[in-house]
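Following: one structure in structure tokens, then a few remarks.
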Amino acid sequence: MADHEIPKAYDPKAHEDAVYAAWEQSGFFNPDNLPDERKEMFSIVLPPPNVTGTLHMGHAVMLAIEDIMVRFARMRGKKTLWLPGTDHAAIATQTKVEKLLIAGGMKDPRAELGRGAFLERVKTFATESHDVIVKQCKKMGASLDWSREAYTLDSARSTAVRTAFKMMYDDGLIYRGDRMVNWCPRCKSTLADDEVEYIEQKTKFYYFKYGPVVIGTARPETKFADKVIVVHPNDARYKELVGKEMEVEWIDGLVKAKVVADEVADMDMGSGAMTITPAHSFVDFDLAKKYGFEVVQIIGEDGKLTNAAGSFAGQDAHDARTAIVEQLQKKGLVDHVDENYTHNLSVCYRCESPVEPLPKLQWFIDVNKPFAFRASSHAPIDGINDGQMISLKEIMQHVVRSKQIEIIPERFEKTYFHWIDNLRDWNISRQIWFGHRVPVWYRGEEISVSVEALEGDGWEQDPDTLDTWFSSGLWTISTLGWPSSAKASEGKPSDFEQFHPTSVLETGYDILFFWVARMILMTTYAVGEIPFKQVYLHGLVRDEKGRKMSKSLDNIIDPLDMIGKFGADATRLSLVIGGTPGNDSKLSEEKIAGYRNFTNKLWNIARFVLSSAHLPPLTQGEGWGGVCAVTLADRWILGRLAEVTDRVTAHLERYEFSAAGELLRDFTWSEFADWYLEISKLQKSENTDRVLLHVLSTLLKLWHPFMPFVTEVIWKEMGLSKDFLMIAEWPKSGGNMDPRVAGEFTLVQDVVGAIRNLRSQYNVEPAKMVSVTIVSGKRATFIDEQAELIKHLARVGSLTVTANGTAPVQSASAVLGEASIFLSLAGLLDLEKERMRLTKELQGAQDYASTLSAKLDNAEFTSKAPANVVKKMRTNLSEAHERSRALQSQLAVLKK
RNA sequence: GGACGUUUAGCUCAGUUGGUUAGAGCGUUGCAUUCACAUUGCAAAGGUCGAAGGUUCGAAUCCUUCAACGUCCACCA
């Protein structure tokens with residue numbers, strides 16, 4: 001036990017860093033160092049934060065939830081690995097550094113520095129970010145195994161990336177093609193479909209005369225090379241025209257145009273006729289491919305018009321629009337202009353510049369092409385055989401549909417399938433410098449794809465880099481040693497064999513497509529295993545008004561600030577309690593302050609228990625098995641503790657963190673502190689001390705995953721064990737609540753509550769002793785046995801308990817189901833007030849009774865409802881009647 | 001245009017397979033400050049569960065329609 005003064009308030013700052021350092025030093029974050037032989041594995045990979053800066057509340061909620069999962073698993077005796085790492089986040093990081101360099105005075109950083117020097121700058125920035133991120137994870141208390149830390153761009157992960165690329169290339173899944181891509185003229189790079197965002201915008205929509213038809217467009221600057229008119233085959237207006245060729249007057253003079261019929265044309269849209277722009281529209285490009293039309297690029301990668309734009313060549317595409325329209329106007333080709341057209345402008349998700357669809361030679365992953373599946377021998381996927389021809393899309397659908405991967409909450413499965421249905425081939429090459437260089441080398445017409453670099457001999461590597469999600473898609477396998485050390489060596493199983501597939505992937509729903517789906521694709525392909533058995537998706541953390549936290553709104557709540565102010569434990573609780581999976585949650589400082597109050601409450605519970613319960617320290621391993629239930633309160637609190645232990649365990653197994661936390665908080669505060677601790681002040685005994693210590697130590701274990709710091713500090717104060725609470729064994733309930741005990745204790749609570757209520761009604765000071773009479777029929781003996789308890793808890797000086805009796809004069813009364821309570825108020829009783837109060841209560845009781853009898857008189861109800869429901873209702877009815885009678889007789893006394 | 005989510009006390013949210021006076025925290029109101037904790041204690045007030053229909057002996061819970069708010073996807077003819 002503590003032989004020194006424990007401070008009145010818990011000060012997180014005084015303990016947190018030291019506790020984390022001690023945990024780290026123990027080595028127990030690394031599963032290989034866990035003390036006993038552990039058979040069952042539990043593994044999570046940390047979704048690697050981007051090295052673009054610092055952690056925000058979204059990361060904090062992720063760390064809090066995952067740490068709960070991990071600490072719970074570890075305490076339950078599983079060989080537990082939580083593997084940390086960071087993501088180089090190619091475009092995001094490069095863009096961020098470019099912005100910083102520009103802010104520092106550079107005009108075009110890439111041009112001014114060159115590839116090598118520029119990458120050095122990015123690397124320096126990434127290293128600094130990484131260090132900050134690691135520090136922040138530690139501040140949160142995250143029990144990550146830092147000895148296994150990984151980085152998406154380090155050498156082991158680069159080998160994995162090149163290996164996967166080569167496998168896919170050899171299987172014919174990776175191909176190089178001239179295809180439409182989303183091009184960001186500012187980043188000078190392509191973007192994946194889901195890296196494009198849309199902003200609603202009002203713009204002009206032009207209708208032009210194009211030969212015999214009128215066509216509509218919002219982007220006149222792309223229309224120079226339009227040579228094909230498309231109409232719907234069923235459109236009567238244009239039936240005659242289909243198949244014809246003609247010369248039409250256009251922007252830069254006459255062009256030769258022809259008319260084709262295709263169902264993509266929408267008869268109800270505009271004039272029903274359109275021309276196509278194969279080089280700058282995904283739909284038109286597909287159409288051009290289908291009919292073999294020429295693809296002429298009008299807008300270049302610099303965002304300027306190409307030579308195909310004739311007299312406008314070299315102008316900025318967006319700026320040239322007005323001049324082009326003017327030229328058409330002069331020729332009398334403008335039919336009319338819709339000034340109020342709203343459409344969605346596509347912009348780059350990183351820099352918000354307008355995105356230009358254009359054709360470009362790029363690397364793609366074919367998601368529809370069947371290949372020969374390579375099954376895993378140690379964790380095979382059910383339903384797909386070795387060598388079976390199957391496409392990536394089909395695998396992605398299969399593993400979720402067959403529930404081999406379970407998504408929580410389930411509704412996101414729908415979103416997932418919908419996304420896959422719309423999935424096109426994945427463009428994986430980017431024209432940026434920071435990232436994994438495409439492992440392809442060229443020499444003249446020759447192409448070589450290689451894991452090892454090809455040096456000299458005239459080989460030149462592709463200048464492009466890979467989409468950042470290509471490397472993070474390999475995260476579960478690349479961090480566990482694939483491909484280099486995926487196999488056992490010297491009889492020792494490898495990390496990959498032990499920990500893959502990982503148990504659960506915990507992340508925000510906003511990266512379900514970006515990352516989760518890509519991991520499923522890459523992992524099932526590369527190793528023939530699912531990457532994780534479950535996906536738990538948390539919601540976004542928003543501000544107290546429900547807005548996203550952002551710099552421009554200046555509403556960012558910084559996790560580090562909150563940890564400094566309220567402690568890591570309080571910050572964690574505020575992020576976990578009150579939220580449900582997949583739903584956004586609102587966070588405010590007041591909320592965190594509320595949980596700071598709770599950590600302090602727990603601290604003071606411990607302070608009280610440790611100062612009042614003096615027992616010789618138990619030797620390690622002995623535990624508190626000797627704890628006995630002597631009094632009613634002992635039986636009650638131990639029974640409740642058993643119930644709470646079971647329910648908290650069940651909640652945590654189902655990832656119901658909020659429910660588990662609320663249950664624990666209510667038990668800790670409203671039952672253990674408010675009732676048992678108060679009772680213990682009266683019923684002092686060695687056994688009471690044992691009960692206090694037992695409940696406290698069990699609570700520390702149950703709370704530990706949620707609030708690791710304060711529980712570990714108290715655990716040390718208790719001196720129960722030399723070992724950390726972090727590796728203590730998770731409690732087992734070891735018993736049930738006796739329903740009779742529950743009923744009896746509830747009666748005591750109700751009696752005490754009724755007396756307190758009467759005191760409050762008459763403004764009797766809490767400290768003042770009062771006189772009370774309880775008339776309680778067959779419960780009189782029991783209540784009399786508990787007289788001391790009731791007197792203590794309700795501050796009663798004189799208590800009379802009788803089986804039968806009449807109300808004492810000058811007293812306020814309350815009626816419980818089994819007892820009538822009278823509080824003596826000599827001279828203070830307000831007859832009128834008392835009469836009104838009792839009348840109101842009587843009314844309530846009678847209304848309730850009549851509702852119940854109406855139900856019970858209904859034969860359909862009594863015949864169809866389950867017997868226990870009917871029985872319970874009969875009991876309630878007789879109680880209501882009894883209560884009404886008691887209230888009536890009390891009113892009668894008052895009237896005298 | 002398609003899909004999903006939310007709507008319960010002033011605020012933030014729970015509410016298990018439908019079961020009978022709808023719960024918590026914060027806030028509010030009243031009383032209390034040597035006695036573990038004012039980062040506290042005791043008590044109270046406060047809700048026709050978004051609307052309208054339906055199923056059922058019984059609906060916050062299941063079905064239909066509608067409304068408001070939010071999110072994602074598609075789309076620059």
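Since we're looking at a predicted model, the values are computed, not measured. Lettering follows sequence order; numbering is per chain, from 1. Note that these values count all heavy atoms, side chains included, but never hydrogens, waters or copies made by symmetry.
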Arg665(A) has its side chain closest, among C31(B), A24(B), U40(B), to A24(B)
RNA chain B nearest-nucleotide lookup for Ala767(A) and Ala659(A): closer to the 5′ end is Ala659(A)
Of the candidates G19(B), A44(B), A77(B), the side chain of Ala265(A) sits closest to A77(B)
Please measure how far the P atom in A3(B) lies from the corresponding atom in G46(B), and state the result in whole Å.
44 Å
Side-chain atoms of Pro357(A) come closest, of U20(B), C76(B), U71(B), to C76(B)
| said: Please classify the nucleic acid contact of Thr580(A) as base, sugar-phosphate, or nothing, using heavy-atom distances under 4.0 Å. | reply: sugar-phosphate
*Determine whether any donor atom in the side chain of Lys601(A) lies under 3.5 Å from an acceptor atom in the base of C37(B), or the reverse, and answer yes or no.*
yes
Per nearest nucleotide of RNA chain B, the residue lying toward the 5' end, Trp669(A) or Ala673(A), is Ala673(A)
The Watson-Crick or G-U wobble partner of G1(B), with both key distances under 3.5 Å, is C73(B)
Quiz item: Distance between the C1' atoms of U55(B) and U61(B), in whole angstroms?
Solution: 14 Å
* With rounding to whole Å, what would you report as the distance between U7(B) and C49(B) at their P atoms? -> 14 Å
If pairing means Watson-Crick or G-U wobble with both distances under 3.5 Å, then the partner of G58(B) is none
As its Watson-Crick or G-U partner within any shown strand, both distances under 3.5 Å, U7(B) has A67(B)
Any N or O donor-acceptor pair linking the side chain of Thr415(A) to the base of C72(B) at under 3.5 Å? no
Residues at least two apart in sequence or cross-chain that pass salt bridge (Lys or Arg N to Asp or Glu O under 4.0 Å) with Lys204(A), listed by chain then number, are none
### Same-atom distance (C1') from A45(B) to U28(B), integer angstrom
9 Å
Using atom C1' in both nucleotides, what's the gap between U17(B) and G27(B) to the nearest angstrom?
36 Å
Note to self: What's Phe205(A) touching, base or sugar-phosphate or nothing? Going by heavy atoms closer than 4.0 Å.
What the structure shows: sugar-phosphate
When both distances are under 3.5 Å in a Watson-Crick or G-U wobble arrangement, the nucleotide paired with C42(B) is G30(B)
When you measure from the side chain of Tyr595(A) to the backbone of Leu575(A), do you find a donor-acceptor pair of N or O atoms at a distance under 3.5 Å? no
What about Glu678(A), does its side chain sit under 3.5 Å from the base of A36(B) through a donor-acceptor pair?
yes
Among the nucleotides U20(B), A43(B), A36(B), whichever has the atom closest to the side chain of Leu852(A) is U20(B)
Which part of the nucleic acid, if any, lies within contact of Ala606(A), taking any heavy atom under 4.0 Å across all strands shown: a base, the sugar-phosphate backbone alone, or nothing? nothing
Practice prompt. Run the salt-bridge test on Glu544(A) and Lys591(A) with the 4.0 Å N-O cut-off and return the result as yes or no.
Written response: no
- Give a yes or no on whether a salt bridge exists between Glu841(A) and Arg837(A), defined as a side-chain N under 4.0 angstrom from a carboxylate O. yes
Exercise. Taking the side chain from Arg759(A) and the backbone from Lys768(A), do they hold a donor-acceptor pair closer than 3.5 Å?
Worked result: yes
Side-chain atoms of Thr217(A) come closest, of A24(B), G30(B), A77(B), to A77(B)
Notebook entry, point to check: Is the Tyr210(A) to Phe208(A) ring centre distance short of 6.0 Å?
Noted result: no
Between CZ of Arg424(A) and P of C75(B) the distance, given in whole Å, is 6 Å
Q.
Need one value for Arg596(A): base, sugar-phosphate or nothing, where a base atom within 4.0 Å counts as base even if backbone is also close, heavy atoms only.
A. base
Paired to U20(B) by Watson-Crick or G-U wobble criteria (both distances under 3.5 Å) is none
inquiry  = Once you apply a heavy-atom cut-off of 4.0 Å, does Val355(A) come out as touching a base, just sugar-phosphate, or nothing?
reply    = base
Quick note, Lys872(A) side chain, CB onward, closest among U20(B), G19(B), A38(B) is U20(B)
Salt bridge Arg219(A)-Glu356(A), side-chain N to carboxylate O under 4.0 Å:
yes
- Query: Just checking Asp674(A): base, sugar-phosphate only, or nothing, at a heavy-atom cut-off of under 4.0 Å?
  - Reply: sugar-phosphate
Which of U20(B), A14(B), C57(B) is nearest the side chain of Glu662(A)? It is A14(B)
Need one value for Val264(A): base, sugar-phosphate or nothing, where a base atom within 4.0 Å counts as base even if backbone is also close, heavy atoms only. base
NA contact type, Gly594(A), heavy-atom cut-off 4.0 Å: base, sugar-phosphate, or nothing? nothing
Nearest-Å distance once atom P is located in both G58(B) and G53(B):
16 Å
Side-chain contact check for Ser760(A): nearest option of A74(B), A43(B), C76(B) is A43(B)
